[in-house]
A.B. asks: 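The structure that follows is given in the form of C-alpha coordinates.
Each chain gets a letter, A, B and so on, in the order the sequences are listed, and its residues count up from 1.
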Amino acid sequence: MHDIKAIRDNPDLYEQAWSAKGRSGVAAQALELDTTLRAAQTALQEAQSRRNDLSKQIGQAKGRKDEAEASRLMAEVETLKGVLESQGAVERDTGEALRDLLAGLPNLPAPDVPPGADENDNQEVRRWGEPFAITSPKDHVDLGETLGLMDFEAAARMSGSRFVVLKGQLARLERALGQFMLDLQTREHGYLEVSPPLLVRDEAVFGTGQLPKFAEDLFHTEDGRWLIPTAEVSLTNLVRDQITPTEELPLRLTALTHCFRSEAGASGRDTRGMIRQHQFQKVELVSITTPDQSDKEHERMVGCAEAVLKALELPFRTMLLCSGDMGFSARKTYDLEVWIPSEGRYREISSCSNCGDFQGRRMNARTKAAGEKATRIVHTLNGSGLAVGRTLVAIIENYQDENGAIAIPQALHPYMGGLTRIEAGA
RNA sequence: GGAGAGGUGGCUGAGUGGUCGAAAGCACCGCACUCGAAAUGCGGCGUGCCUUAACGGGCACCGUGGGUUCGAAUCCCACCCUCUCCGCCA
(Lines give C-alpha, C1' and ligand atoms only; values in the text may rest on other atoms or scores of the structure.)
Protein backbone atom coordinates (compact mmCIF):
# COMPACT_ATOMS: atom_id res chain seq x y z
CA MET A 1 0.00 0.00 0.00
CA HIS A 2 1.27 3.41 -0.85
CA ASP A 3 1.20 6.63 1.10
CA ILE A 4 -1.13 8.99 -0.74
CA LYS A 5 1.01 11.90 0.45
CA ALA A 6 4.04 10.42 -1.29
CA ILE A 7 2.02 10.14 -4.49
CA ARG A 8 0.92 13.74 -4.06
CA ASP A 9 4.55 14.84 -3.70
CA ASN A 10 5.88 12.86 -6.63
CA PRO A 11 3.11 11.80 -9.01
CA ASP A 12 5.38 11.30 -12.04
CA LEU A 13 7.48 8.69 -10.30
CA TYR A 14 4.42 6.59 -9.52
CA GLU A 15 2.81 7.13 -12.90
CA GLN A 16 5.98 5.92 -14.57
CA ALA A 17 6.25 2.76 -12.49
CA TRP A 18 2.59 1.81 -12.76
CA SER A 19 2.19 2.53 -16.45
CA ALA A 20 5.15 0.18 -17.00
CA LYS A 21 2.94 -2.50 -15.44
CA GLY A 22 0.00 -1.61 -17.62
CA ARG A 23 -1.80 0.65 -15.17
CA SER A 24 -1.39 4.03 -16.80
CA GLY A 25 -3.38 6.92 -15.41
CA VAL A 26 -3.91 5.46 -11.96
CA ALA A 27 -1.70 8.02 -10.22
CA ALA A 28 -3.83 10.85 -11.60
CA GLN A 29 -6.94 8.87 -10.70
CA ALA A 30 -5.72 8.47 -7.11
CA LEU A 31 -4.93 12.17 -6.82
CA GLU A 32 -8.36 13.12 -8.12
CA LEU A 33 -10.03 10.88 -5.54
CA ASP A 34 -7.75 12.36 -2.90
CA THR A 35 -8.76 15.91 -3.80
CA THR A 36 -12.45 14.99 -3.69
CA LEU A 37 -11.97 13.16 -0.42
CA ARG A 38 -10.23 16.03 1.32
CA ALA A 39 -12.78 18.61 0.13
CA ALA A 40 -15.56 16.38 1.49
CA GLN A 41 -13.68 15.87 4.74
CA THR A 42 -13.27 19.58 5.26
CA ALA A 43 -16.92 20.33 4.48
CA LEU A 44 -18.10 17.47 6.68
CA GLN A 45 -15.89 18.49 9.57
CA GLU A 46 -17.07 22.07 9.44
CA ALA A 47 -20.69 20.93 9.59
CA GLN A 48 -19.86 18.52 12.43
CA SER A 49 -18.12 21.27 14.32
CA ARG A 50 -21.18 23.48 13.99
CA ARG A 51 -23.46 20.65 15.07
CA ASN A 52 -21.32 19.83 18.09
CA ASP A 53 -21.43 23.46 19.07
CA LEU A 54 -25.21 23.70 18.74
CA SER A 55 -25.75 20.42 20.56
CA LYS A 56 -23.78 21.75 23.46
CA GLN A 57 -25.99 24.83 23.51
CA ILE A 58 -29.09 22.65 23.44
CA GLY A 59 -27.87 20.89 26.53
CA GLN A 60 -27.32 24.21 28.27
CA ALA A 61 -30.73 25.56 27.22
CA LYS A 62 -32.43 22.42 28.51
CA GLY A 63 -30.49 22.79 31.70
CA ARG A 64 -32.07 26.15 32.38
CA LYS A 65 -35.51 24.91 31.21
CA ASP A 66 -35.48 27.23 28.18
CA GLU A 67 -37.50 24.93 25.89
CA ALA A 68 -38.16 27.63 23.30
CA GLU A 69 -34.45 28.26 22.78
CA ALA A 70 -33.77 24.53 22.70
CA SER A 71 -36.37 24.01 19.98
CA ARG A 72 -34.95 26.87 17.96
CA LEU A 73 -31.45 25.37 18.18
CA MET A 74 -32.71 21.92 17.27
CA ALA A 75 -34.36 23.37 14.20
CA GLU A 76 -31.04 24.90 13.22
CA VAL A 77 -29.26 21.56 13.58
CA GLU A 78 -31.93 20.14 11.33
CA THR A 79 -30.75 22.42 8.52
CA LEU A 80 -27.25 20.89 8.77
CA LYS A 81 -28.58 17.39 8.16
CA GLY A 82 -28.34 17.67 4.38
CA VAL A 83 -24.68 18.67 4.33
CA LEU A 84 -23.83 16.13 7.01
CA GLU A 85 -25.38 13.30 5.05
CA SER A 86 -24.24 14.22 1.57
CA GLN A 87 -20.65 15.05 2.52
CA GLY A 88 -20.52 12.02 4.79
CA ALA A 89 -21.56 9.82 1.89
CA VAL A 90 -18.98 11.40 -0.42
CA GLU A 91 -16.28 10.92 2.18
CA ARG A 92 -17.21 7.28 2.74
CA ASP A 93 -17.50 6.36 -0.92
CA THR A 94 -14.46 8.29 -2.07
CA GLY A 95 -12.35 7.00 0.80
CA GLU A 96 -13.32 3.46 -0.04
CA ALA A 97 -12.65 3.94 -3.74
CA LEU A 98 -9.23 5.41 -2.98
CA ARG A 99 -8.35 2.60 -0.56
CA ASP A 100 -9.47 -0.03 -3.06
CA LEU A 101 -7.44 1.58 -5.81
CA LEU A 102 -4.29 1.86 -3.70
CA ALA A 103 -4.67 -1.64 -2.28
CA GLY A 104 -4.47 -3.10 -5.77
CA LEU A 105 -1.36 -1.23 -6.90
CA PRO A 106 2.03 -2.96 -6.69
CA ASN A 107 5.09 -1.66 -4.88
CA LEU A 108 7.59 0.50 -6.72
CA PRO A 109 10.96 -0.95 -7.66
CA ALA A 110 13.95 0.42 -5.78
CA PRO A 111 16.20 2.76 -7.80
CA ASP A 112 18.87 0.09 -8.27
CA VAL A 113 16.49 -2.51 -9.68
CA PRO A 114 17.21 -3.12 -13.37
CA PRO A 115 14.30 -2.26 -15.64
CA GLY A 116 12.91 -5.14 -17.62
CA ALA A 117 9.86 -7.09 -18.70
CA ASP A 118 10.38 -10.65 -17.52
CA GLU A 119 12.88 -13.18 -16.21
CA ASN A 120 15.07 -12.74 -19.28
CA ASP A 121 16.05 -9.31 -18.01
CA ASN A 122 17.14 -10.52 -14.57
CA GLN A 123 20.79 -9.97 -13.72
CA GLU A 124 23.15 -12.62 -12.46
CA VAL A 125 24.91 -11.24 -9.42
CA ARG A 126 27.17 -14.19 -8.60
CA ARG A 127 27.54 -17.90 -9.06
CA TRP A 128 28.72 -20.54 -6.60
CA GLY A 129 29.96 -24.05 -7.37
CA GLU A 130 30.23 -25.93 -10.64
CA PRO A 131 27.47 -28.20 -11.94
CA PHE A 132 28.57 -31.80 -11.36
CA ALA A 133 29.47 -33.85 -14.38
CA ILE A 134 26.65 -36.40 -14.57
CA THR A 135 26.23 -38.39 -17.74
CA SER A 136 22.58 -38.65 -18.80
CA PRO A 137 21.17 -37.58 -15.45
CA LYS A 138 17.78 -38.98 -14.44
CA ASP A 139 15.22 -36.65 -12.97
CA HIS A 140 14.07 -36.89 -9.37
CA VAL A 141 10.82 -38.62 -10.33
CA ASP A 142 12.63 -41.50 -12.00
CA LEU A 143 15.12 -41.74 -9.22
CA GLY A 144 12.56 -41.55 -6.44
CA GLU A 145 10.13 -44.00 -8.00
CA THR A 146 12.87 -46.47 -8.85
CA LEU A 147 13.98 -46.36 -5.26
CA GLY A 148 10.39 -47.07 -4.32
CA LEU A 149 10.35 -44.06 -1.99
CA MET A 150 8.37 -41.52 -4.03
CA ASP A 151 4.77 -42.23 -5.06
CA PHE A 152 2.79 -39.75 -7.16
CA GLU A 153 0.06 -42.23 -8.02
CA ALA A 154 -0.87 -42.92 -4.43
CA ALA A 155 -0.96 -39.17 -3.79
CA ALA A 156 -3.16 -38.62 -6.84
CA ARG A 157 -5.62 -41.29 -5.67
CA MET A 158 -6.27 -39.57 -2.38
CA SER A 159 -5.57 -35.92 -3.22
CA GLY A 160 -5.30 -35.35 -6.95
CA SER A 161 -2.45 -33.89 -8.97
CA ARG A 162 0.40 -31.83 -7.53
CA PHE A 163 0.79 -33.97 -4.43
CA VAL A 164 3.36 -36.59 -3.56
CA VAL A 165 3.90 -39.34 -1.02
CA LEU A 166 7.44 -39.75 0.28
CA LYS A 167 8.46 -42.87 2.14
CA GLY A 168 11.35 -44.34 4.07
CA GLN A 169 14.66 -42.54 3.76
CA LEU A 170 13.28 -39.92 1.38
CA ALA A 171 10.63 -38.94 3.93
CA ARG A 172 13.40 -38.85 6.47
CA LEU A 173 15.59 -36.75 4.18
CA GLU A 174 12.80 -34.20 3.88
CA ARG A 175 12.52 -34.04 7.65
CA ALA A 176 16.31 -33.83 7.97
CA LEU A 177 16.44 -30.89 5.56
CA GLY A 178 13.84 -28.93 7.51
CA GLN A 179 15.64 -29.51 10.79
CA PHE A 180 19.03 -28.71 9.31
CA MET A 181 17.89 -25.43 7.76
CA LEU A 182 16.08 -24.34 10.90
CA ASP A 183 19.12 -25.14 13.03
CA LEU A 184 21.40 -23.24 10.68
CA GLN A 185 19.27 -20.10 10.67
CA THR A 186 18.68 -20.08 14.42
CA ARG A 187 22.17 -21.07 15.57
CA GLU A 188 24.39 -19.42 12.98
CA HIS A 189 22.31 -16.42 11.91
CA GLY A 190 20.43 -15.44 15.03
CA TYR A 191 16.87 -15.91 13.79
CA LEU A 192 14.20 -16.58 16.40
CA GLU A 193 12.33 -19.82 15.81
CA VAL A 194 8.57 -19.39 15.63
CA SER A 195 5.79 -21.92 15.36
CA PRO A 196 2.91 -19.89 13.91
CA PRO A 197 -0.68 -20.53 12.79
CA LEU A 198 -1.11 -21.90 9.28
CA LEU A 199 -4.68 -20.68 8.96
CA VAL A 200 -5.15 -16.92 9.00
CA ARG A 201 -7.81 -14.24 8.53
CA ASP A 202 -8.41 -11.93 5.58
CA GLU A 203 -6.56 -9.05 7.22
CA ALA A 204 -3.37 -11.03 7.61
CA VAL A 205 -3.28 -12.01 3.96
CA PHE A 206 -4.17 -8.46 2.97
CA GLY A 207 -1.29 -7.20 5.07
CA THR A 208 1.34 -9.12 3.18
CA GLY A 209 -0.28 -8.32 -0.16
CA GLN A 210 -1.78 -11.62 -1.38
CA LEU A 211 -5.24 -10.08 -1.00
CA PRO A 212 -7.19 -8.59 -2.62
CA LYS A 213 -5.60 -9.34 -5.99
CA PHE A 214 -4.38 -12.91 -5.65
CA ALA A 215 -7.18 -14.71 -3.83
CA GLU A 216 -7.39 -17.39 -6.52
CA ASP A 217 -3.82 -18.48 -5.72
CA LEU A 218 -4.79 -19.40 -2.15
CA PHE A 219 -6.84 -22.10 -0.47
CA HIS A 220 -9.83 -20.82 1.47
CA THR A 221 -11.55 -22.65 4.30
CA GLU A 222 -15.27 -22.94 4.83
CA ASP A 223 -15.13 -20.85 7.96
CA GLY A 224 -13.52 -17.99 6.04
CA ARG A 225 -9.84 -18.46 6.76
CA TRP A 226 -6.89 -18.87 4.38
CA LEU A 227 -4.17 -21.50 4.33
CA ILE A 228 -0.88 -19.65 4.29
CA PRO A 229 0.97 -19.79 0.95
CA THR A 230 4.17 -19.03 2.87
CA ALA A 231 5.12 -18.45 6.51
CA GLU A 232 5.93 -14.90 5.45
CA VAL A 233 2.25 -14.22 6.13
CA SER A 234 2.30 -15.52 9.70
CA LEU A 235 5.70 -14.14 10.63
CA THR A 236 5.23 -10.66 9.19
CA ASN A 237 1.79 -10.30 10.76
CA LEU A 238 3.37 -10.74 14.18
CA VAL A 239 3.92 -6.96 14.18
CA ARG A 240 0.49 -6.07 12.74
CA ASP A 241 -1.14 -3.18 14.61
CA GLN A 242 1.85 -2.99 16.96
CA ILE A 243 4.29 -0.24 17.81
CA THR A 244 7.56 -2.10 18.20
CA PRO A 245 10.26 -0.25 20.17
CA THR A 246 13.02 0.72 17.73
CA GLU A 247 15.58 -0.64 20.19
CA GLU A 248 14.20 -4.14 19.58
CA LEU A 249 14.78 -3.96 15.83
CA PRO A 250 15.79 -5.71 13.72
CA LEU A 251 13.47 -8.59 14.53
CA ARG A 252 14.73 -11.73 12.83
CA LEU A 253 12.15 -14.52 12.68
CA THR A 254 12.14 -17.95 11.12
CA ALA A 255 9.70 -20.82 10.86
CA LEU A 256 9.51 -24.24 9.27
CA THR A 257 5.96 -24.63 8.01
CA HIS A 258 3.93 -26.24 5.33
CA CYS A 259 2.81 -23.87 2.59
CA PHE A 260 -0.32 -24.24 0.50
CA ARG A 261 -0.81 -22.90 -3.01
CA SER A 262 -3.65 -23.50 -5.43
CA GLU A 263 -1.35 -22.90 -8.44
CA ALA A 264 -4.43 -21.72 -10.28
CA GLY A 265 -2.50 -19.79 -12.88
CA ALA A 266 0.10 -22.51 -13.44
CA SER A 267 -1.90 -25.16 -15.28
CA GLY A 268 0.42 -27.10 -17.53
CA ARG A 269 3.59 -25.72 -15.92
CA ASP A 270 5.85 -28.11 -14.04
CA THR A 271 3.18 -30.77 -13.92
CA ARG A 272 5.76 -33.52 -13.52
CA GLY A 273 7.52 -34.03 -10.23
CA MET A 274 7.90 -32.12 -7.02
CA ILE A 275 8.87 -28.71 -8.36
CA ARG A 276 5.39 -27.21 -8.15
CA GLN A 277 3.10 -28.74 -5.52
CA HIS A 278 -0.05 -27.68 -3.74
CA GLN A 279 1.65 -28.42 -0.44
CA PHE A 280 5.32 -28.13 0.47
CA GLN A 281 7.56 -27.32 3.39
CA LYS A 282 9.68 -24.22 3.61
CA VAL A 283 11.91 -22.52 6.12
CA GLU A 284 11.04 -18.86 5.95
CA LEU A 285 13.12 -15.90 7.08
CA VAL A 286 11.49 -12.60 8.01
CA SER A 287 13.16 -9.39 9.21
CA ILE A 288 11.42 -6.37 10.62
CA THR A 289 13.67 -3.30 10.50
CA THR A 290 13.81 0.47 10.58
CA PRO A 291 13.72 2.21 7.19
CA ASP A 292 17.45 2.95 7.18
CA GLN A 293 18.45 -0.65 8.00
CA SER A 294 16.45 -2.55 5.43
CA ASP A 295 18.86 -2.45 2.47
CA LYS A 296 21.71 -3.77 4.56
CA GLU A 297 19.46 -6.37 6.14
CA HIS A 298 18.39 -7.49 2.70
CA GLU A 299 21.96 -8.29 1.65
CA ARG A 300 22.48 -10.11 4.93
CA MET A 301 19.36 -12.18 4.41
CA VAL A 302 20.44 -13.30 0.95
CA GLY A 303 23.69 -14.44 2.55
CA CYS A 304 21.73 -16.46 5.12
CA ALA A 305 19.84 -18.23 2.35
CA GLU A 306 22.99 -18.82 0.29
CA ALA A 307 24.66 -20.36 3.32
CA VAL A 308 22.22 -23.29 3.16
CA LEU A 309 23.11 -24.15 -0.43
CA LYS A 310 26.82 -23.78 0.32
CA ALA A 311 26.54 -26.07 3.33
CA LEU A 312 24.75 -28.64 1.16
CA GLU A 313 27.33 -28.10 -1.59
CA LEU A 314 24.73 -27.46 -4.26
CA PRO A 315 25.73 -25.27 -7.22
CA PHE A 316 23.64 -22.14 -7.52
CA ARG A 317 23.52 -18.61 -8.83
CA THR A 318 22.12 -15.43 -7.31
CA MET A 319 19.86 -13.33 -9.51
CA LEU A 320 18.74 -9.73 -9.08
CA LEU A 321 15.20 -9.60 -10.44
CA CYS A 322 14.25 -6.94 -12.94
CA SER A 323 11.29 -4.65 -12.36
CA GLY A 324 8.92 -6.77 -14.44
CA ASP A 325 9.65 -10.06 -12.67
CA MET A 326 9.18 -8.89 -9.09
CA GLY A 327 6.22 -9.77 -6.94
CA PHE A 328 3.43 -7.43 -5.89
CA SER A 329 4.84 -6.32 -2.53
CA ALA A 330 8.56 -6.23 -3.26
CA ARG A 331 10.71 -3.23 -3.96
CA LYS A 332 13.81 -5.35 -4.61
CA THR A 333 14.23 -9.11 -4.90
CA TYR A 334 17.08 -11.58 -5.18
CA ASP A 335 16.34 -15.12 -6.29
CA LEU A 336 18.61 -18.04 -5.60
CA GLU A 337 18.57 -20.60 -8.37
CA VAL A 338 19.92 -24.10 -7.84
CA TRP A 339 21.30 -26.33 -10.56
CA ILE A 340 18.84 -29.01 -11.70
CA PRO A 341 20.80 -31.63 -13.73
CA SER A 342 17.81 -33.24 -15.46
CA GLU A 343 16.71 -29.88 -16.84
CA GLY A 344 20.25 -28.64 -17.46
CA ARG A 345 19.44 -25.27 -15.95
CA TYR A 346 19.13 -23.31 -12.74
CA ARG A 347 15.74 -23.13 -11.00
CA GLU A 348 14.40 -20.89 -8.27
CA ILE A 349 14.84 -22.29 -4.78
CA SER A 350 14.70 -19.11 -2.74
CA SER A 351 13.35 -15.61 -3.14
CA CYS A 352 14.48 -12.79 -0.84
CA SER A 353 12.58 -9.53 -0.97
CA ASN A 354 12.79 -6.17 0.64
CA CYS A 355 9.23 -4.83 0.80
CA GLY A 356 10.15 -1.46 2.27
CA ASP A 357 7.17 0.04 4.09
CA PHE A 358 4.66 -1.46 1.65
CA GLN A 359 3.46 -4.28 3.90
CA GLY A 360 4.04 -2.29 7.07
CA ARG A 361 1.56 0.33 5.93
CA ARG A 362 -0.97 -2.31 4.93
CA MET A 363 -0.82 -3.85 8.39
CA ASN A 364 -0.23 -0.69 10.40
CA ALA A 365 3.06 -1.95 11.82
CA ARG A 366 5.06 0.86 13.34
CA THR A 367 8.11 1.52 15.43
CA LYS A 368 8.97 4.22 17.93
CA ALA A 369 12.33 5.06 19.45
CA ALA A 370 12.57 5.71 23.20
CA GLY A 371 12.08 9.40 23.87
CA GLU A 372 10.79 10.08 20.36
CA LYS A 373 7.26 11.21 19.80
CA ALA A 374 6.82 10.21 16.18
CA THR A 375 6.18 6.68 14.98
CA ARG A 376 7.48 5.31 11.71
CA ILE A 377 6.23 2.49 9.51
CA VAL A 378 8.58 -0.50 9.78
CA HIS A 379 10.28 -2.10 6.81
CA THR A 380 9.65 -5.78 6.22
CA LEU A 381 11.77 -8.37 4.44
CA ASN A 382 11.19 -12.00 3.69
CA GLY A 383 13.15 -14.81 2.11
CA SER A 384 13.16 -18.55 1.83
CA GLY A 385 15.90 -20.23 3.70
CA LEU A 386 15.06 -22.55 1.80
CA ALA A 387 12.14 -24.28 0.09
CA VAL A 388 12.50 -27.83 1.44
CA GLY A 389 10.76 -29.68 -1.40
CA ARG A 390 12.89 -28.13 -4.11
CA THR A 391 16.04 -28.66 -2.06
CA LEU A 392 15.11 -32.32 -1.82
CA VAL A 393 14.78 -32.40 -5.62
CA ALA A 394 18.18 -30.72 -6.00
CA ILE A 395 19.87 -33.21 -3.68
CA ILE A 396 18.30 -36.25 -5.32
CA GLU A 397 19.32 -35.10 -8.78
CA ASN A 398 22.74 -33.62 -8.04
CA TYR A 399 23.86 -36.46 -5.81
CA GLN A 400 22.65 -39.37 -7.96
CA ASP A 401 25.08 -42.00 -9.14
CA GLU A 402 24.95 -44.24 -12.21
CA ASN A 403 23.11 -46.92 -10.20
CA GLY A 404 20.35 -44.58 -9.12
CA ALA A 405 21.53 -44.26 -5.53
CA ILE A 406 21.60 -40.89 -3.77
CA ALA A 407 24.60 -39.69 -1.77
CA ILE A 408 23.68 -37.61 1.24
CA PRO A 409 25.55 -34.31 1.68
CA GLN A 410 27.87 -34.39 4.64
CA ALA A 411 26.08 -31.65 6.52
CA LEU A 412 23.00 -33.86 6.71
CA HIS A 413 24.69 -37.00 8.01
CA PRO A 414 23.98 -36.20 11.66
CA TYR A 415 20.31 -35.63 10.75
CA MET A 416 20.13 -38.98 8.97
CA GLY A 417 21.47 -41.06 11.82
CA GLY A 418 24.81 -41.41 10.08
CA LEU A 419 23.33 -42.68 6.81
CA THR A 420 25.46 -41.57 3.84
CA ARG A 421 23.59 -43.06 0.87
CA ILE A 422 20.04 -43.87 -0.06
CA GLU A 423 19.81 -47.03 -2.10
CA ALA A 424 17.04 -49.23 -3.41
CA GLY A 425 15.42 -51.22 -0.64
CA ALA A 426 16.29 -48.63 2.02
C1' G B 1 -21.36 -26.85 21.05
C1' G B 2 -24.26 -24.95 25.88
C1' A B 3 -24.45 -21.23 30.06
C1' G B 4 -22.46 -16.82 32.09
C1' A B 5 -19.05 -12.46 32.65
C1' G B 6 -16.32 -8.87 30.22
C1' G B 7 -13.48 -5.68 26.38
C1' U B 8 -12.07 2.28 28.39
C1' G B 9 -5.23 5.70 27.29
C1' G B 10 1.69 2.23 28.33
C1' C B 11 -0.65 -0.47 32.85
C1' U B 12 -4.58 -0.61 36.85
C1' G B 13 -9.30 1.38 36.82
C1' A B 14 -13.84 5.12 37.38
C1' G B 15 -17.59 6.63 34.34
C1' U B 16 -24.90 4.06 32.36
C1' G B 17 -27.52 10.11 27.41
C1' G B 18 -25.05 16.65 27.51
C1' U B 19 -19.48 21.10 30.00
C1' C B 20 -16.13 13.26 28.87
C1' G B 21 -10.68 12.45 24.84
C1' A B 22 -12.45 10.65 29.19
C1' A B 23 -11.56 10.81 36.98
C1' A B 24 -7.91 8.64 39.98
C1' G B 25 -3.53 5.81 40.77
C1' C B 26 0.95 3.70 38.66
C1' A B 27 4.71 4.31 34.99
C1' C B 28 7.29 8.05 32.10
C1' C B 29 9.34 13.30 31.02
C1' G B 30 10.53 18.42 32.78
C1' C B 31 11.12 21.83 36.81
C1' A B 32 11.65 22.96 42.14
C1' C B 33 13.75 21.25 46.79
C1' U B 34 18.84 18.43 47.72
C1' C B 35 26.01 18.06 47.84
C1' G B 36 23.52 13.92 45.33
C1' A B 37 19.58 10.48 45.64
C1' A B 38 14.98 9.15 47.83
C1' A B 39 10.64 11.40 49.51
C1' U B 40 7.68 15.68 48.43
C1' G B 41 5.56 19.71 45.42
C1' C B 42 4.33 21.92 40.55
C1' G B 43 3.70 21.08 35.39
C1' G B 44 3.54 17.83 31.17
C1' C B 45 2.34 13.14 29.10
C1' G B 46 -2.63 8.83 23.46
C1' U B 47 -3.40 7.89 18.07
C1' G B 48 -4.94 9.08 13.17
C1' C B 49 -6.68 12.69 9.87
C1' C B 50 -8.27 17.69 7.74
C1' U B 51 -6.75 22.77 7.64
C1' U B 52 -2.70 26.65 8.22
C1' A B 53 3.44 29.86 5.71
C1' A B 54 3.48 29.46 10.93
C1' C B 55 1.11 30.08 15.70
C1' G B 56 -3.06 27.71 15.86
C1' G B 57 -8.04 25.76 14.66
C1' G B 58 -11.08 21.49 13.68
C1' C B 59 -12.82 16.24 13.08
C1' A B 60 -12.66 11.18 14.50
C1' C B 61 -11.33 7.28 17.84
C1' C B 62 -13.61 4.16 24.92
C1' G B 63 -12.98 -4.10 20.86
C1' U B 64 -15.05 -3.65 15.30
C1' G B 65 -19.13 -2.25 12.11
C1' G B 66 -24.08 -0.44 11.79
C1' G B 67 -28.43 2.06 14.16
C1' U B 68 -31.44 5.43 17.56
C1' U B 69 -30.84 10.77 19.11
C1' C B 70 -30.20 17.74 18.47
C1' G B 71 -26.23 15.07 21.25
C1' A B 72 -23.60 8.16 22.49
C1' A B 73 -17.91 5.45 26.20
C1' U B 74 -23.07 5.34 28.11
C1' C B 75 -29.19 2.94 24.62
C1' C B 76 -30.24 -0.93 20.37
C1' C B 77 -28.40 -4.68 16.58
C1' A B 78 -24.54 -7.70 14.36
C1' C B 79 -19.70 -9.40 14.53
C1' C B 80 -14.69 -10.19 16.74
C1' C B 81 -11.85 -11.29 20.98
C1' U B 82 -10.84 -12.64 26.27
C1' C B 83 -12.17 -15.11 30.84
C1' U B 84 -15.16 -18.84 33.98
C1' C B 85 -18.13 -23.33 34.20
C1' C B 86 -20.14 -27.64 31.45
C1' G B 87 -19.68 -30.82 27.11
C1' C B 88 -16.42 -32.72 23.27
C1' C B 89 -11.49 -33.57 21.71
C1' A B 90 -5.32 -34.47 19.53
A.B. asks: What is the distance from CG of A/L98 to C1' of B/rC49, rounded to the nearest Å?
C.D. replies: 13 Å
A.B. asks: Are the side chain of A/T42 and the backbone of A/R38 linked by a donor-acceptor contact shorter than 3.5 Å?
C.D. replies: yes
A.B. asks: Roughly how many Å is it from CG in A/N364 to C1' in B/rC61, rounded to a whole number?
C.D. replies: 13 Å
A.B. asks: Could you tell me if the side chain of A/T254 sits less than 4.5 Å from the side chain of A/V194, heavy atoms only?
C.D. replies: no
A.B. asks: Which value, in whole Å, describes the distance between the C1' atoms of nucleotides B/rG21 and B/rU74?
C.D. replies: 15 Å
A.B. asks: For atom P, what is the distance between B/rA23 and B/rG15, given to the nearest Å?
C.D. replies: 14 Å
A.B. asks: Less than 4.0 angstrom between a side-chain N/O of A/T375 and OP1 or OP2 of B/rG46, yes or no?
C.D. replies: no
A.B. asks: Could you check whether any side-chain N or O of A/H2 sits under 3.5 Å from a backbone N or O of A/L102, counting only pairs where one atom can act as donor and the other as acceptor?
C.D. replies: no
A.B. asks: Donor-acceptor pair, distance only, cut-off 3.5 Å: does the side chain of A/R390 make one with the backbone of A/E348?
C.D. replies: yes
A.B. asks: With P as the reference atom in both, quote the distance from B/rG43 to B/rC59 in angstrom, rounded to an integer.
C.D. replies: 27 Å
A.B. asks: B/rA53 and B/rC26: how far apart are their P atoms, nearest whole angstrom?
C.D. replies: 44 Å
A.B. asks: Remember a base hit wins even if backbone is also touched, and classify A/R361 as base, sugar-phosphate or nothing at under 4.0 Å, heavy atoms.
C.D. replies: nothing
A.B. asks: If you assign A/I243 and A/V77 each to the RNA chain B nucleotide with the nearest heavy atom, which residue ends up on the more 5' nucleotide?
C.D. replies: A/I243
A.B. asks: In whole Å, I'd like the distance from the CG atom of A/D241 to the P atom of B/rG48.
C.D. replies: 13 Å
A.B. asks: Assess whether atom CD of A/E153 is packed by more than 12 heavy atoms of other residues, nucleotides or ligands within 6.0 Å.
C.D. replies: no
A.B. asks: Using distance alone, with no hydrogens and no angle criterion, decide if A/T230 and A/K282 have a side-chain donor and acceptor under 3.5 Å apart.
C.D. replies: yes
A.B. asks: Measure from CG on A/D66 to C1' on B/rC70 and round the result to the nearest Å.
C.D. replies: 15 Å
A.B. asks: More than 12 heavy atoms of other residues, nucleotides or ligands under 6.0 Å from NZ of A/K56: is that the case?
C.D. replies: no
A.B. asks: Is it the case that the side chains of A/T244 and A/Q242 hold a donor-acceptor pair, with the cut-off being a distance below 3.5 Å and no angle test?
C.D. replies: no
A.B. asks: For a quick check under 3.5 Å, do A/Q359 and A/T380 share a side-chain donor-acceptor pair by atom type?
C.D. replies: yes
A.B. asks: Can you give me the N/O atom pairs linking the protein to nucleotides 74-81 of chain B at distances under 3.5 Å, or say none if there are none?
C.D. replies:
residue: B/rC80; atom: O3'; partner: A/R201; partner atom: NH2; Å: 3.1
residue: B/rC81; atom: OP1; partner: A/R201; partner atom: NH2; Å: 3.0

A.B. asks: Just the rounded figure in Å: distance from C1' of B/rU64 to CZ of A/R240.
C.D. replies: 13 Å
A.B. asks: How many Å lie between NZ on A/K368 and P on B/rG46, as a whole number?
C.D. replies: 9 Å
A.B. asks: When you measure from every atom of RNA chain B, which of residues 35-58 of chain A have a heavy atom less than 4.0 Å away?
C.D. replies: A/R38, A/Q41, A/T42, A/Q45, A/Q48, A/S49, A/R51, A/N52, A/S55, A/I58
A.B. asks: Answer yes if the side chains of A/N52 and A/R50 hold a donor-acceptor pair under 3.5 Å, and no otherwise.
C.D. replies: no
A.B. asks: When all nucleic acid strands are considered with a 4.0 Å heavy-atom cut-off, which category describes A/R366: base, sugar-phosphate, or nothing?
C.D. replies: sugar-phosphate
A.B. asks: What integer number of Å spans the C1' atoms of B/rU47 and B/rU34?
C.D. replies: 39 Å
A.B. asks: C1' atom, B/rA22 versus B/rA72: distance in rounded Å?
C.D. replies: 13 Å
A.B. asks: For RNA chain B, just give me the dot-bracket, please: Watson-Crick or G-U, both distances below 3.5 Å, ( ) intra-strand, [ ] crossing earlier pairs, | paired with another strand, . unpaired.
C.D. replies: ((((((((.[[[..)..(.....]]].(((((.......))))).((((((....)))))).[[[[[..)....]]]]])))))))....
A.B. asks: Starting at atom CD of A/E67, determine the distance to atom C1' of B/rG18, rounded to an integer number of angstrom.
C.D. replies: 14 Å
A.B. asks: May I ask you to check if A/R362 and A/F206 form a cation-pi contact, with NZ or CZ under 6.0 angstrom from the six-membered ring centre and within 45° of the axis?
C.D. replies: yes
A.B. asks: Nearest-Å distance, CZ (A/R99) to C1' (B/rC49)?
C.D. replies: 12 Å
A.B. asks: Give a yes or no on whether the backbone of A/I340 and the side-chain of A/R347 come within a donor-acceptor separation of less than 3.5 Å.
C.D. replies: no
A.B. asks: Under a plain distance cut-off of 3.5 Å, with no hydrogens placed, do A/E299 and A/Y334 share a side-chain donor-acceptor pair?
C.D. replies: yes
A.B. asks: If I pick the C1' atom on B/rA73 and the same atom on B/rU16, what distance separates them, to the nearest angstrom?
C.D. replies: 9 Å
A.B. asks: Please state the P separation for the pair B/rC75 and B/rU19 - nearest whole angstrom.
C.D. replies: 16 Å
